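Quick caveat, the model's predicted, so the values are computed rather than measured. Chain A is the first sequence line, chain B the second, and so forth, proteins listed ahead of strands; every chain is numbered from 1.
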Number of protein chains: 2
Amino acid sequence: MPADLRHSWTDIRDRIHGAILNGTYRPGDKLPRDEDIAQQMGCARSTVQRAMRDLSDAGIVERKRKGGTQVRADPLTRATLDIPITRREVEQRGSVYGYQLLHREIAVAPLSVGARFARRDPSRMLHVEALHLADQRPYILEDRWVCTDTVPEILSVDLSRQSANEWLVHNKPYSRCDLRFYAIEADARIARQLDAAPGAALLVMERTTWIEDAPITTVRAVTRPGYQLFTRS
Amino acid sequence: MPADLRHSWTDIRDRIHGAILNGTYRPGDKLPRDEDIAQQMGCARSTVQRAMRDLSDAGIVERKRKGGTQVRADPLTRATLDIPITRREVEQRGSVYGYQLLHREIAVAPLSVGARFARRDPSRMLHVEALHLADQRPYILEDRWVCTDTVPEILSVDLSRQSANEWLVHNKPYSRCDLRFYAIEADARIARQLDAAPGAALLVMERTTWIEDAPITTVRAVTRPGYQLFTRS
DNA sequence: ATAATTATTATGTAGCTACATATTAATGTC
DNA sequence: GACATTAATATGTAGCTACATAATAATTAT
């Protein structure tokens, strides 16, 4: 086939998606089999396969062997979140990044922290509190526990100069990550640290990471008032 | 090649990822070219290609034509959020879903709403306020504007029986969606509607959808106290 | 020397074949 | 009729080839 009238898989995807958008196929409807679509649209099955895989990843269609492809009966919103390291986030906003270590200790992790790792037995960990600044003003307050069994090297890192966030991300990649978002009211201490009114509503991002089955770290990042999180694109 | 000693692309991906996790390749490092990896691991280039595409989608490596592949110099956390329709979310929690229409009017959208659509000129839209319930208790309070130019059919839907959320999702698929999360303090009215303490910190999800360039709807969903949003697996 | 042009090269894509896998449908057995 | 077995079928995957594309490196022209 002449290369210039081949169809790209993104075109095929968009045409199938278009047929869903314009109502040709509605939620729950079954789509033709890949081979028929390929023939109808004048491309190879592998091209349809790629298009379908993308639509499937996006949560638009559901595919089952032998069962065929159907438009998701109960659509959902699927979005991708990119969370860079805090320093980069601040710099991308065009602000000057600052960092301040507030507290560092070795302590037995409370049960609530163990629970985030799905562990019952409490263990001694490194506990760090730090403040990230944007243009000299508080930006994110982080409360972190690092598992010293998994990451003993962290004990010899000078965390007053480099945030644990940054060190970990460059030295201990994770294989699994859980994220959680919720809102809290600033108590007196948090209000003071973040320069917020006591009782102010603040967005919290909680992140826990593992390498294989070994826990690495868990952070509770309390954002400054007015902070917004949004999806890319 | 005998089928039973072929390597699957997920295996290849995991081996490459493993080499990154164990420090063989560190952030910023360049990886060998696909063909060399293929030869080394005993598979076809297309298999490496698929593995790399996955690692690239996950934000672990960066690929450039001719430039080759390198481990992302500045790692980020990339996560996928699934937000089902509220009814389903409630039912999946094992609760009984309820719904209540609070307010319905045709009105000129305020500038703040127009801004979410990136539109300057204010226009008449359908404004709906509704409450989603879980086990008879308030769960999510939604404040929605629907563009009647794009979705005129919405005007003849009985929104006291079916939520706009549900009708739209089954009848007007979108091609683009913006999401935004932040925290607010409950004012007197919201506190009353959501059965929350005045001043309570609440997580808000704001969602705006389009079909092609035409605006469909924008919602501000205020969640009940204690609501948490998390990433799938 | 600098700029414009031309290779070179690694990834990206399209198409092909062959077979694996999961599931449903059909068939046979008790 | 209920249950186990077998066949049929749509998607999933691995490997192959050929070429497209983009970015860099080398070369030539000014």
Listed by chain and number, what are the side-chain contact (heavy atoms from CB on, under 4.5 Å) partners of A/Ala115, not counting sequence neighbours? none
Write down the distance between CD (A/Glu35) and P (C/dT17), rounded to a whole number of angstrom. 11 Å
Under a 3.5 Å cutoff, is there a donor and acceptor pairing between the side chains of A/Ser163 and A/Arg87? no
Round to a whole Å and report the spacing from CD of B/Gln39 to C1' of C/dA10. 15 Å
To the nearest Å, give me how far apart CG (A/Asp34) and C1' (C/dT21) are. 15 Å
May I ask you to verify whether the side chain of A/Arg45 and the base of D/dG12 hold a donor-acceptor pair under 3.5 Å? yes
Rounding to an integer number of Å, can you tell me how far A/Asp54 CG sits from C/dT13 C1'? 14 Å
Taking the nucleotide of DNA chain C with the nearest heavy atom to each, does B/Gly67 or A/Gly67 sit closer to the 5' end? B/Gly67
For the backbone of B/Gln70 and the side chain of B/Glu62, can you confirm whether one donor and one acceptor N or O come within less than 3.5 Å of each other? no
Looking across every strand, which nucleic acid part, if any, lies under 4.0 Å from A/Gly68 by heavy atom: base, sugar-phosphate, or nothing? sugar-phosphate
Closer than 4.0 Å, any side-chain N/O of B/Gln49 to the OP1 or OP2 of C/dT11? no
From CD1 of B/Ile12 across to P of D/dA14 the rounded distance in Å is 9 Å
Looking at C/dA10, I'd like to know if its phosphate oxygens (OP1 or OP2) sit under 4.0 Å from a side-chain N or O belonging to B/Thr69. no
Just compare C/dA14, D/dA23, D/dT11 and give me whichever is closest to any side-chain atom of B/Lys64. D/dA23
When you compare the protein's N or O atoms with those of nucleotides 6-9 of chain C, which come within less than 3.5 Å of each other, and at what distance?
unit_1	atom_1	unit_2	atom_2	d
C/dT9	O4'	B/Lys66	NZ	3.3

Would you kindly check if the NZ (Lys) or CZ (Arg) of B/Arg224 is within the cone defined by 45 degrees around the ring axis of B/Tyr139 and under 6.0 Å from the six-membered ring centre? no
Nearest-Å distance, NZ (A/Lys30) to C1' (D/dA10)? 8 Å
Is it the case that more than 12 heavy atoms not belonging to B/Arg88 sit under 6.0 Å from its CZ atom? no
Answer with yes or no whether the side chains of A/Thr208 and A/Asp178 bring together a donor and an acceptor at under 3.5 Å. no
N/O donor-acceptor pair under 3.5 Å between A/Thr80 side chain and B/Thr80 backbone: no
Nucleotide D/dT13, atom C1' - distance to CZ of A/Arg50 in whole Å: 13 Å
Indicate, with a heavy-atom threshold strictly under 4.0 Å, whether B/Arg53 touches base, sugar-phosphate, or nothing. nothing
Nearest whole Å is fine: how far is C/dA20 P from B/His7 NE2? 17 Å
Is any side-chain N or O of A/Ser46 closer than 4.0 Å to OP1 or OP2 of C/dC16? no
